[in-house]
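Structure first, then comments.
Values below: all heavy atoms of this structure, side chains included; hydrogens, waters and symmetry mates excluded. Index from 1, following the sequence.
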Amino acid sequence: MPNDPRLLLRESYPLWTGELVRFGDTDRLGHVNNAKYATYLETARVALMQRLLKGPETYFVLARMAIDYRAELRELGPIEIGTAVTGIGRSSFTTGQGVFQGPLCAATGEGVVVLVEAATRRATPLPEALRAALQGLALPPQSG
């Protein structure tokens with residue numbers, strides 16, 4: 001899924017989170033340091049998780065993350081991170097994300113997020129209401 005061409009398109013994302021490229025995000029080459037993209041994607045994933053979970057009985061943990069760097073970001077200022085659900089498992093779901101500055105998609109990412117029961121600290125099945133919410137944030141079907 002990380003190479004899915006839909007992740008390059010702004011219209012593929014049902015959920016958006018704003019962030020800023022700060023001077024401290026850049027490296028000596030004048031572009032955003034690769035490690036900062038993980039932070040941008042995390043900001044958007046956390047916004048999604050906060051939208052989905054309300055109680056202390058369960059929480060989400062990130063089990064896997066992959067980032068594909070697509071273009072340099074050199075401009076300070078606002079960016080947007082799009083997030084869509086690309087897969088739903090028994091106790092986990094997968095996100096597809098894109099980091100955009102205007103029309104430019106600078107990076108795409110994939111994250112596997114697991115629902116954990118707080119009392120046991122073990123993976124627990126996704127409840128039906130959560131599954132329905134995740135399905136509502138799904139990446140649109142491929143055309144063609």
Side-chain angles (χ1 to χ4, degrees), residues 1-27 30-118 121-144:
M1 197 54 78
N3 291 318
D4 189 319
R6 294 174 293 174
L7 297 178
L8 299 171
L9 305 173
R10 291 181 70 89
E11 60 267 19
S12 294
Y13 297 102
L15 183 63
W16 287 92
T17 306
E19 183 61 278
L20 288 175
V21 174
R22 295 164 183 83
F23 179 76
D25 294 351
T26 61
D27 59 21
H31 61 240
V32 171
N33 182 283
N34 62 2
K36 289 298 179 176
Y37 287 91
T39 301
Y40 301 153
L41 297 174
E42 177 187 53
T43 296
R45 256 193 331 276
V46 168
L48 170 64
M49 291 182 220
Q50 289 175 331
R51 177 179 175 164
L52 295 173
L53 276 188
K54 304 297 182 213
E57 302 84 20
T58 57
Y59 56 89
F60 290 118
V61 296
L62 181 65
R64 179 183 179 279
M65 183 177 72
I67 301 172
D68 290 318
Y69 303 99
R70 308 233 176 231
E72 288 183 315
L73 279 183
R74 294 182 158 276
E75 299 292 322
L76 302 183
I79 58 172
E80 295 178 292
I81 304 99
T83 302
V85 173
T86 60
I88 302 172
R90 186 185 77 78
S91 60
S92 67
F93 64 94
T94 304
T95 59
Q97 296 179 285
V99 177
F100 290 85
Q101 192 167 55
L104 175 70
C105 181
T108 55
E110 178 181 74
V112 176
V113 179
V114 179
L115 182 65
V116 173
E117 185 178 347
R121 298 180 64 87
R122 300 187 66 89
T124 189
L126 299 170
E128 285 308 313
L130 180 54
R131 285 180 172 284
L134 291 167
Q135 288 169 345
L137 296 169
L139 196 65
Q142 287 185 345
S143 58

Open item on the list: As an exercise, state the distance from CZ of R6 to OG1 of T108, rounded to the nearest 0.5 Å.
Closed with: 12.5 Å
- [ ] Hey, could you give me the CZ/CG distance between R131 and L126, rounded to the nearest 0.5 Å?
- [x] 5.0 Å
Open item on the list: Minimum heavy-atom separation for T86 and G96, please, with both atom names.
Closed with: CG2-N, 3.6 Å
Open item on the list: Which heavy atom of S12 sits nearest to which heavy atom of P140, and what is that distance?
Closed with: O-CD, 3.2 Å
TODO: Begin from the C-alpha positions of Y40 and V32 and carry the test side chain to side chain contact (heavy atoms under 4.5 Å, CB included) through to its verdict.
DONE: CA-CA 11 Å; Y40 301 153; V32 171; 3.8 Å; yes
TODO: Spell out, as yes or no, whether a donor-acceptor pair under 3.5 Å connects the side chain of Y69 to the backbone of N34.
DONE: yes
Task: L52 vs F93, side chain to side chain contact (heavy atoms under 4.5 Å, CB included): CA-CA, chis, key distance, verdict - done: CA-CA 12 Å; L52 295 173; F93 64 94; 4.2 Å; yes
Task: Under 3.5 Å: donor-acceptor pair, side chain of Y59, backbone of R121 - done: no
Task: Side-chain donor/acceptor of R74 to backbone N/O of E72, under 3.5 Å - done: no
TODO: List the steps, then state whether side chain to side chain contact (heavy atoms under 4.5 Å, CB included) holds for T94 with E110.
DONE: CA-CA 7 Å; T94 304; E110 178 181 74; 3.5 Å; yes
TODO: Taking all non-hydrogen atoms of both residues into account, name the closest pair between Y37 and A106 and its distance.
DONE: OH-CB, 3.9 Å
Task: Test log, rule side chain to side chain contact (heavy atoms under 4.5 Å, CB included), inputs E117 and R122 - done: CA-CA 6 Å; E117 185 178 347; R122 300 187 66 89; 5.9 Å; no
TODO: For A44 and Q97, work out which heavy atoms get closest and say how close.
DONE: CB-NE2, 3.4 Å
Task: R51, CZ: over 12 other non-hydrogen atoms inside 6.0 angstrom - done: no
Open item on the list: I need the L73 CG to I79 CD1 distance, nearest 0.5 Å.
Closed with: 6.5 Å
Open item on the list: Give me the atom names and distance for the closest heavy-atom approach of R90 to P125.
Closed with: NH1-CG, 3.0 Å
- [ ] Report the distance from atom CG of L48 to atom OG1 of T17, rounding to the nearest 0.5 Å.
- [x] 8.0 Å
Task: L115 CG to F60 CZ distance, which is reported to the nearest 0.5 Å - done: 5.5 Å
Open item on the list: Strictly distance-based, threshold 3.5 Å: is any side-chain N or O of R10 a donor or acceptor partner for the main-chain N or O of G102?
Closed with: yes
Task: Non-hydrogen atoms of A84 and L139 that approach each other most closely - done: CB-CD1, 3.8 Å
TODO: Please round to the nearest 0.5 Å and tell me the distance separating atom CG of L76 and atom CG of D25.
DONE: 8.5 Å
